[in-house]
Amino acid sequence: MAACGSSDSAPSRAPDLAVLTDTNPDPDIVEVELVAAPATVELLPGKPAEVWAFHDGADSDAVGTIPGPLLEAKLGDQVIVHFRNELPEETTIHWHGLRVPNAADGTPASQTPVAPGETYDYEMTLVDAGLFWYHPHVNGDVQVERGLYAPVRVHGGVEPDVAADRVFVLDDVKLSASGELSTQTDVLDLMLGRQGNVVLLNGKQTPAIGAAAGSRERWRFVNAANGRYFQLELPGHSFRVIGWDGGVVGAPYQAERVLIAPGERYDLLVELEGEDGDEIALRTVHYDRGHEIPDPGPIDLLAITLEAAGPPLGDLPTTWGDVAPIATDAATPRRVLILGEDDADPTNPVFTINGDAYPDITALTGAPGDVEIWEIHNMSEMDHPFHLHGMSFQVLDAAGSPIEPLGWKDTVNVPRMTMLRFAVELGGPGTWMYHCHILEHAERGMMGELEVTSTP
Ligand code: C2O
Ligand code: CU
């Protein structure tokens, strides 16, 4: 089952990610063709499943994969994505975490959705280095669950010397015994966000990699699951957290466990202790996010076999992310957003922000460059990961405790019955969505809009 052992010849992306072809010869322009279409993939070996997936439209041999193909680029690049919708329903592509012009944000608030057979061009300049991701923003709980999600890696900025720089996309799927995506949606799926019975890393159940004993690797994670939280653990090791959603943090820190809520990204360095031939498993352990979700015990995500030590690596950088604090004071305007759930009709739970369920909302308004403090009050019985489009924010405190180090987030978990505050400088003009990234919650009301308009 060491399916990935041989593909490990591309250590920068193993295991098993396709990469979009850059068709533009200009080194500072990345131009790609992206297609969303029905596809057949094996989520369990030997058990084909009908899914929806992305593939590379510039490669006539490309087939749909889960995750979809990685978009690789560097800071400052101009990116042009020619997108074609071959799904039986309309869709859009949202570039989660990238600070793009509103016309490229890929929501029904920023464009007319792309009808079946139609195309749309997304154009953006990359202003942040880090790991981001793309996914549809129409019927999101269904389309993302069917397999439409993929990573974006933007190189540049602080690049520590590592033996491998790997992208790991986490998900879970509810599969029937035949290996097909289950068509059953029960009330718990709506209430909690669908939790699958099979956990996937880069589209596989516990894939295997080889890594040099004693080496240092960079592992970048994104949680693309609808509802599952991942809490990473690598027995016998700790992680050095060097970056969050929007790039490298001001000061890295050690962590025994790293919690990743849906939509969040974490950038980690791992020193692989052990000898040639040792086996280690990266696993996820239970996190209590409310409503008494049972503890399934640790689940292995990745099997790592240590190999002969590699050449020595350079020292770690002495300075990390250059994150200037957003200046706030007692006069900074505050917004209060209250997250609520209404399960009066348990077969049809409704999720709200300030009592309103999307699309029945009043948009917030502001001007580009406005600095604000947002207070997110979670008055519900479970955690909600809060995501704001088009801008990154700095978390000030959570449940009364200050958050360190300084870093950029666009998605943050707000634990149940607590309050979290972040500072944000509003981005460019347009309508930007914000919502819970448990996609069943977003699609059942926990979503809002911020209209940024230049004042004359
Ligand atoms: Cu990743 Cu509005 O979403
Ligand atoms: Cu939620």
Side-chain angles (χ1 to χ4, degrees), residues 67-68 91-100 102 104-111 113 131-145 148-152 169-171 188-195 222-229 245-246 260-265 287 289-291 293 337-343 349-353 357-359 376-393 409-418 420 427 430-450:
T91 193
T92 58
I93 310 289
H94 169 55
W95 304 89
H96 183 128
L98 291 174
R99 294 190 293 150
V100 300
N102 194 254
D105 193 44
T107 74
S110 64
Q111 68 172 98
L131 184 70
F132 305 90
W133 61 302
Y134 59 93
H135 63 78
H137 224 283
V138 171
N139 199 12
D141 55 341
V142 172
Q143 294 194 4
V144 176
E145 187 59 28
L148 294 167
Y149 61 82
V152 177
V169 186
L170 303 172
D171 189 17
L188 272 186
D189 292 338
L190 302 182
M191 194 64 207
L192 307 172
R194 171 176 281 214
Q195 294 232 124
V222 49
N223 181 352
N226 280 27
R228 182 180 293 269
Y229 284 50
D245 306 346
I260 314 183
E264 286 189 306
R265 284 90 64 213
Y287 166 76
R289 63 182 176 97
H291 279 303
I293 299 176
L337 276 72
I338 297 170
L339 310 181
E341 67 190 58
D342 174 358
D343 40 11
V350 175
F351 300 90
T352 56
I353 300 179
Y358 194 87
I376 316 295
H377 295 251
N378 182 349
M379 303 296 280
S380 76
E381 297 297 318
M382 68 183 125
D383 293 17
H384 297 284
F386 184 88
H387 172 47
L388 173 61
H389 283 217
M391 42 208 102
S392 294
F393 49 76
K409 297 285 291 169
D410 52 68
T411 311
V412 65
N413 188 46
V414 188
R416 58 196 181 281
M417 302 310 282
T418 66
L420 175 148
T431 300
W432 304 98
M433 301 191 107
Y434 54 87
H435 57 89
C436 175
H437 219 289
I438 293 176
L439 296 175
E440 285 77 4
H441 297 175
E443 294 290 344
R444 279 161 195 79
M446 197 175 275
M447 183 142 74
E449 290 177 356
L450 166 68

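First listed ligand is number 1; within each ligand, the first listed atom is number 1.
- Remark: at atom 2 (Cu) of ligand 1, atom NE2 from H137 and atom NE2 from H389 enclose 100°, rounded to the nearest 10 degrees.
- Because the distance cut-off is set at 2.8 Å, H437 qualifies as a neighbour of atom 1 (Cu) of ligand 1 through one of its N, O or S atoms.
- Nearest N/O/S atom of H384 with respect to the Cu ion (ligand 2) is recorded as ND1.
- Remark: at the Cu ion (ligand 2), atom ND1 from H441 and atom SG from C436 enclose 130°, rounded to the nearest 10 degrees.
- When D343, I293, I438 are each tested for a side-chain contact (heavy atoms from CB on, under 4.5 Å) with M191, only one passes: D343.
- Taking the N/O/S atoms of H96 in turn, the shortest distance to atom 1 (Cu) of ligand 1 belongs to ND1.
- The aromatic ring centres of H435 and H389 sit less than 6.0 Å apart.
- Atom 1 (Cu) of ligand 1 has an N, O or S atom of H135 under 2.8 Å away, backbone or side chain.
- In this structure, H437 has its ring center under 6.0 Å from that of W133.
- Salt-bridge formation is detected for the pair R444/D141: a Lys NZ or Arg NE/NH1/NH2 atom is positioned less than 4.0 Å from an Asp or Glu carboxylate oxygen.
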- Item | Worked check of side chain to side chain donor-acceptor pair (under 3.5 Å) between T92 and Q111 | CA-CA 8 Å; T92 58; Q111 68 172 98; 5.2 Å; no

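- Defined by atom type and a distance below 3.5 Å, a donor-acceptor pair is missing between the side-chain atoms of Y229 and D383.
- Residue-level check: among N/O/S atoms of H435, NE2 sits closest to atom 2 (Cu) of ligand 1.
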